[in-house]
Protein chains: 2
Amino acid sequence: MKENILKEKRLRITPFRKEVLQIFIENEHAISTQDIERSLGEHDRITLYRTIKSFINKGVIHEIVMPGDVKKMALCDPVCSHDDGLHEHNHIHFQCKKCEEVYCVEVDKLPNVKLHDFEIDEMEIQARGTCKACLKM
Amino acid sequence: MKENILKEKRLRITPFRKEVLQIFIENEHAISTQDIERSLGEHDRITLYRTIKSFINKGVIHEIVMPGDVKKMALCDPVCSHDDGLHEHNHIHFQCKKCEEVYCVEVDKLPNVKLHDFEIDEMEIQARGTCKACLKM
DNA sequence: TATACAAATGCAACAATATTGCAAGTATGA
DNA sequence: TCATACTTGCAATATTGTTGCATTTGTATA
């Protein structure tokens with residue numbers, strides 16, 4: 001529930017934040033700033049930028065950057081309770097080549113990658129292919 | 001050699017392009033547009049943007065977008081001979097948490113990931129940790 | 001080697017996206 | 001309910017990238 005998410009992340013509950021959060025909840029896939037602007041009615045763009053920034057910093061949403069300049073955002077997993085922009089997820093980011101939508105897809109466990117001279121702490125996977133909905137068509 | 005790379009990718013050899021390409025060759029790690037601008041002397045910003053765009057389209061360099069950071073670019077693998085912005089690499093993108101630099105690191109083979117309802121064609125891995133140089137310190 | 005032509009450059013104007021400072025309004029804990 | 005720190009909304013400004021167009025330049029070809 002919207003109020004709870006905001007409260008948990010120690011963000012003040014304001015009408016605007018609830019409105020923006022609602023848009024994220026309604027969307028199964030990741031959305032861009034533009035998508036949000038379209039969904040909102042009349043609004044102040046600066047406030048939106050700041051809202052997005054605090055949502056990211058407090059772990060409400062996370063940024064997804066896919067190759068080719070697509071910057072989108074999606075709700076964080078409930079486990080992602082880290083403050084200060086440190087996010088912890090167990091999913092990969094998937095972009096469908098047909099519908100272009102970006103999804104966060106759960107995986108049981110992320111694969112292990114070893115490098116020779118580099119020590120890996122965290123890993124993020126971005127995949128492209130065909131999504132659930134488009135496979136059925 | 002600079003001229004060869006440009007010729008192979010069917011790009012005209014101009015002084016400006018050689019200069020920009022040289023900057024990529026000199027850098028072991030990925031660089032941003034800003035980095036390039038700093039390395040160049042007096043120059044035209046528009047021409048640089050167009051140069052970058054044709055380098056990407058012809059497979060001379062590729063873009064790397066790490067979460068929460070500026071866009072960077074690095075030379076493509078020699079195998080990456082695809083035109084029209086289709087890139088094919090066998091490396092992962094690694095950002096060091098200490099020095100913040102981004103590297104393309106070769107791997108023998110990329111791990112296999114299977115998803116339930118999504119069909120994966122291509123995959124890209126972004127990792128964070130400690131780089132070669134910083135491990136030694 | 002000269003030349004014709006497509007490609008690249010450089011300038012001006014413009015467009016989109018994001019940030020900062022500040023005054024006014026508002027949520028929340030005491 | 002009140003004080004205060006947080007949030008909002010506006011103006012101004014910064015950053016990043018694009019388009020159109022006249023001029024210059026690289027390169028294939030005669």
Side-chain angles (χ1 to χ4, degrees), chain A residues 1-23 30-61 63-73 83-85, chain B residues 1-24 30-73 83-85:
Chain A
M1 197 230 195
K2 294 192 287 294
E3 274 84 354
N4 288 344
I5 295 180
L6 292 173
K7 196 168 274 180
E8 262 172 36
K9 309 288 177 166
R10 270 168 286 152
L11 281 164
R12 285 198 176 170
I13 298 160
T14 69
F16 189 74
R17 285 181 175 166
K18 284 200 285 184
E19 220 180 322
V20 174
L21 188 49
Q22 182 60 36
I23 296 171
I31 54 180
S32 65
T33 307
Q34 279 190 9
D35 293 332
I36 301 172
E37 297 217 59
R38 269 192 293 272
S39 295
L40 287 170
E42 186 88 357
H43 69 281
D44 183 62
R45 238 154 43 89
I46 292 107
T47 304
L48 177 57
Y49 285 131
R50 284 195 270 226
T51 301
I52 289 173
K53 193 170 276 186
S54 42
F55 277 14
I56 292 176
N57 284 337
K58 298 289 181 166
V60 179
I61 61 174
E63 256 186 303
I64 306 168
V65 258
M66 298 297 287
D69 270 351
V70 206
K71 191 156 110 183
K72 303 213 173 190
M73 293 156 294
D83 271 61
D84 292 327
Chain B
M1 196 229 193
K2 293 191 291 292
E3 273 85 354
N4 289 345
I5 294 180
L6 291 173
K7 195 169 272 180
E8 263 172 35
K9 309 287 180 166
R10 270 168 286 152
L11 281 165
R12 287 197 176 171
I13 298 160
T14 69
F16 189 73
R17 284 181 176 167
K18 284 200 284 184
E19 220 179 321
V20 174
L21 188 49
Q22 182 59 36
I23 295 170
F24 278 103
I31 54 179
S32 66
T33 307
Q34 280 190 8
D35 294 331
I36 301 172
E37 297 217 59
R38 269 193 293 272
S39 295
L40 287 170
E42 186 88 356
H43 68 281
D44 184 62
R45 234 158 40 87
I46 293 106
T47 305
L48 176 58
Y49 284 127
R50 284 194 272 226
T51 301
I52 288 173
K53 192 170 276 185
S54 42
F55 277 13
I56 292 174
N57 285 335
K58 298 289 182 166
V60 179
I61 60 174
H62 63 286
E63 261 185 299
I64 307 167
V65 260
M66 299 296 287
D69 201 37
V70 274
K71 200 165 56 177
K72 302 210 172 190
M73 294 156 293
D83 272 59
D84 293 328

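Below, read A as the first sequence line, B as the second, and so on, with proteins coming before strands; counting in each chain starts at 1.
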Quickly work out the [X] [atom1] to [N] [atom2] distance and round it to whole Å.
X: B:Glu37; N: D:dA14; atom1: CD; atom2: P; value: 17 Å
X: B:Phe16; N: C:dA8; atom1: CZ; atom2: P; value: 13 Å
X: A:Ile52; N: C:dT17; atom1: CD1; atom2: P; value: 12 Å
X: A:Asp44; N: C:dA18; atom1: CG; atom2: C1'; value: 13 Å
X: A:Leu48; N: C:dA16; atom1: CG; atom2: C1'; value: 15 Å
X: A:Lys18; N: C:dT26; atom1: NZ; atom2: P; value: 14 Å
X: A:Ile56; N: C:dT19; atom1: CD1; atom2: C1'; value: 15 Å
X: A:Phe55; N: D:dC6; atom1: CZ; atom2: P; value: 17 Å

(message) If you compare all heavy atoms of B:Phe16 against all heavy atoms of B:His43, which two are closest, and at what distance to 0.1 Å?
(response)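 It is CE1-CB, 4.0 Å.
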(request) Taking all non-hydrogen atoms of both residues into account, name the closest pair between B:Arg17 and B:Phe55 and its distance. (result)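 Distance-wise, the nearest heavy atoms are O-CZ, 3.8 Å.
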(message) Against A:Glu19, only a single residue in A:Leu40, A:Thr14, A:Ile36 fulfils side chain to side chain contact (heavy atoms under 4.5 Å, CB included); can you say which?
(response) A:Leu40
(message) Suppose we screen for side-chain contact (heavy atoms from CB on, under 4.5 Å). Which residues come up paired with A:Ser39, at least two apart in sequence or across chains?
(response) A:Ile23
(message) Just to verify, what does B:Asp44 make a side-chain hydrogen bond (donor to acceptor under 3.5 Å, both in side chains) with, not counting sequence neighbours?
(response)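 Scan of B:Asp44 (side-chain hydrogen bond (donor to acceptor under 3.5 Å, both in side chains), adjacent residues dropped) gives B:Thr47.
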(request) Mind checking side-chain hydrogen bond (donor to acceptor under 3.5 Å, both in side chains) for A:Thr33 and listing every partner two or more places apart, or none if nothing turns up? (result) none
What does the list of N/O pairs under 3.5 Å between the protein and nucleotides 27-29 of chain D look like, with a distance for each?
from   : atom 1 : to      : atom 2 : distance (Å)
D:dT27 : OP1    : B:Ile13 : N      : 2.9

(request) Sugar-phosphate means primed atoms, P, OP1 and OP2; the rest is base. With that split, encode nucleotides 16-24 of chain D 5' to 3' as B, S or - using protein heavy atoms under 4.0 Å. (result) BBBBB----
(message) If the helix axis at each end comes from five base pairs, how far does the helix from C:dT1-D:dA30 to C:dA30-D:dT1 deviate from straight, to 10°?
(response)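 Answer for the end axes of this duplex: 40°.
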(message) Using heavy-atom distances to pick each residue's nearest nucleotide on DNA chain D, tell me which of A:Arg17 and B:Pro15 is more 5'.
(response)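 Taking each residue's closest nucleotide, the earlier one in sequence belongs to A:Arg17.
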(request) Please check if any side-chain donor atom of B:Ser32 sits under 3.5 Å from a side-chain acceptor atom of B:Asp35, or the reverse. (result) yes
(message) Pair B:Lys72, B:Met66 - check side chain to side chain contact (heavy atoms under 4.5 Å, CB included), show working.
(response) CA-CA 8 Å; B:Lys72 302 210 172 190; B:Met66 299 296 287; over 6 Å; no
(request) Taking the side chain as every heavy atom from C-beta outward, state whether B:Gln22 and B:Lys18 have any pair of such atoms under 4.5 Å apart. (result)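 Of all side-chain heavy-atom pairs linking B:Lys18 with B:Gln22, none is under 4.5 Å.
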(message) With a 4.5 Å cut-off on side-chain heavy atoms, are A:Arg45 and A:Glu37 touching?
(response) yes
(request) Please answer whether the main-chain N or O of B:Ile13 pairs with a side-chain N or O of B:Lys7 as donor and acceptor at a distance below 3.5 Å. (result)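 Answer holds: no.
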